[in-house]
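Side chains are part of it too, since the values below use all heavy atoms of this structure and drop only hydrogens, waters and symmetry mates.
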Amino acid sequence: VRHPERVRKLVLNGGMALGSNKRGSARDRETAQAYLTLMRHGWGDEHSAFLRTFGMLYFPSASADELRALAQLQRMAMSADAAVRLRMVTADLDVVDLLPRVAAPTLVLHSRHDNAVPFEEGQRLAALIPNARFVALESENHVPLPDEPAWPAFVGAIEGAAIELAGQAPYDELLTARAAAGALGVDPDRIPALGEDRETLWEQVTAADFLSPEEKRALLGITDGDKA
């Protein structure tokens with residue numbers, strides 16, 4: 001907001017406009033205190049039940065190896081005291097009045113069943129930032145993990161935003177095609193330069209012998225009422 005010339009595009013995942021103390025919910029305030037307790041006693045300690053509980057709140061489907069990686073990342077990032085102070089500051093966050101002044105094209109992603117930050121906060125961000133795009137991720141993890149169905153849509157949306165910024169592809173076509181490919185279980189990388197432009201996309205998809213006719217129609221967004 002202060003220096004819009006420095007920001008060309010924003011990608012926000014699992015974000016919020018209001019911290020837990022500003023949402024007017026007793027439940028949110030109580031939950032915030034529980035998070036602080038877990039952080040004080042388990043931050044960065046892979047052997048701590050507090051860390052495992054904290055990790056499972058953010059990543060309910062995480063494996064033991066992924067939780068150990070989270071503990072290592074915490075140790076590298078900051079001390080427990082610093083993490084607690086940061087958490088306390090974000091609890092009082094309120095940027096609602098600033099969001100309408102955001103000028104950069106913004107992509108907002110949020111997991112529908114996120115335990116760490118309510119899904120409604122992602123919706124609030126997208127509603128208040130002018131012309132923001134909102135992608136709801138069918139996940140319970142704060143950030144989708146690579147082995148879950150939401151991962152292709154998550155990565156595809158971010159790649160689409162980056163490619164559009166570079167002027168290489170229409171965002172909507174790339175995002176739709178990659179999301180459809182992920183939903184179909186098709187590796188988007190098997191279609192070279194997927195979504196580069198409408199004509200190229202059409203040629204590449206129709207020429208992809210490994211796709212069934214139904215999959216081709218889904219990737220191209222063709223409905224039963226459309227002509228192929």
Side-chain angles (χ1 to χ4, degrees), residues 9-20 23 25 27-28 31 35 52-67 69-70 73 99 105-129 131-165 169-191 194-195 201 205 208 210-212 214-224:
K9 196 172 192 74
L10 285 175
V11 176
L12 307 175
N13 176 72
M16 57 186 168
L18 294 173
S20 55
R23 296 177 201 144
S25 166
R27 182 181 183 276
D28 281 346
T31 301
Y35 273 98
R52 289 194 292 272
T53 302
F54 177 87
M56 293 304 289
L57 288 169
Y58 273 84
F59 301 100
S61 62
S63 66
D65 286 342
E66 286 167 334
L67 289 177
L70 174 63
L73 181 62
L99 296 179
T106 302
L107 170 66
V108 180
L109 306 104
H110 212 106
S111 295
R112 191 177 299 277
H113 306 291
D114 190 346
N115 291 295
V117 178
F119 182 70
E120 293 74 19
E121 282 303 306
Q123 293 177 309
R124 192 197 309 273
L125 286 173
L128 293 175
I129 296 174
N131 301 314
R133 301 178 187 273
F134 182 68
V135 177
L137 302 167
E138 298 301 326
S139 175
E140 61 183 357
N141 297 303
H142 184 58
V143 179
L145 298 176
D147 59 351
E148 63 175 313
W151 180 256
F154 173 67
V155 174
I158 296 173
E159 287 182 347
I163 291 173
E164 183 192 46
L165 181 62
Y171 176 89
D172 286 330
E173 291 178 15
L174 180 63
L175 175 57
T176 300
R178 292 195 72 94
L184 293 168
V186 175
D187 181 359
D189 292 332
R190 294 176 67 184
I191 305 177
L194 180 61
L201 173 64
V205 172
F210 58 88
L211 295 174
S212 69
E214 292 77 15
E215 290 172 334
K216 291 179 181 181
R217 284 197 293 272
L219 283 169
L220 294 169
I222 301 173
T223 64
D224 292 338

Does a side-chain heavy-atom distance below 4.5 Å link L12 with L109? no
Pairwise distance CG(L67) to CZ(F54) - rounded to 0.5 angstrom: 11.0 Å
Within a strict 4.5 Å, meaning less than it, do heavy atoms of the L145 and S61 side chains meet? yes
CA sep, side-chain torsions, deciding dist, call: F134, L125, side-chain contact (heavy atoms from CB on, under 4.5 Å): CA-CA 9 Å; F134 182 68; L125 286 173; over 6 Å; no
Kindly check if the number of other-residue, nucleotide or ligand heavy atoms within 6.0 Å of CG (D147) is above 12? yes
Nearest heavy-atom neighbours spanning G14 and D114: CA-OD2, 4.3 Å
Rounded to the nearest 0.5 Å, how far does CD of E138 lie from NE2 of H113? 5.5 Å
Less than 4.5 Å apart, any side-chain heavy atom of N141 and any of Y58? no
Do P105 and L10 touch side chain to side chain, with heavy atoms closer than 4.5 Å? no
Tightest non-hydrogen contact, residues M56 and A62, listed as SD-O, 4.3 Å
Do you know the tightest heavy-atom contact between E148 and S139? OE1-OG, 2.9 Å
Dump the intermediate steps for side-chain contact (heavy atoms from CB on, under 4.5 Å) on T106 and K9, then the final yes or no. CA-CA 6 Å; T106 302; K9 196 172 192 74; over 6 Å; no
Considering non-hydrogen atoms only, spot the tightest contact between A157 and V135 and give its length. CB-CG2, 4.4 Å
When rounded to the nearest 0.5 angstrom, what is the spacing between CZ in F59 and CD in E66? 8.5 Å
What are the two closest heavy atoms between N115 and Y35, and how far apart are they? O-OH, 3.4 Å
Give a yes or no on whether the backbone of F119 and the side-chain of R112 come within a donor-acceptor separation of less than 3.5 Å. no
Smallest separation among heavy atoms of N13 and H110, with atom names: OD1-N, 4.4 Å
Quick check against the 3.5 Å criterion: does E121 have a side-chain atom that pairs as donor or acceptor with the backbone of P118? no
If you define the side chain from C-beta out and look only at heavy atoms, does anything of W151 sit under 4.5 Å from L137? no
Dump the intermediate steps for side-chain contact (heavy atoms from CB on, under 4.5 Å) on R124 and M16, then the final yes or no. CA-CA 8 Å; R124 192 197 309 273; M16 57 186 168; over 6 Å; no
Find the distance between OG1 (T31) and CZ (R23) and round it off to the nearest 0.5 Å. 9.5 Å
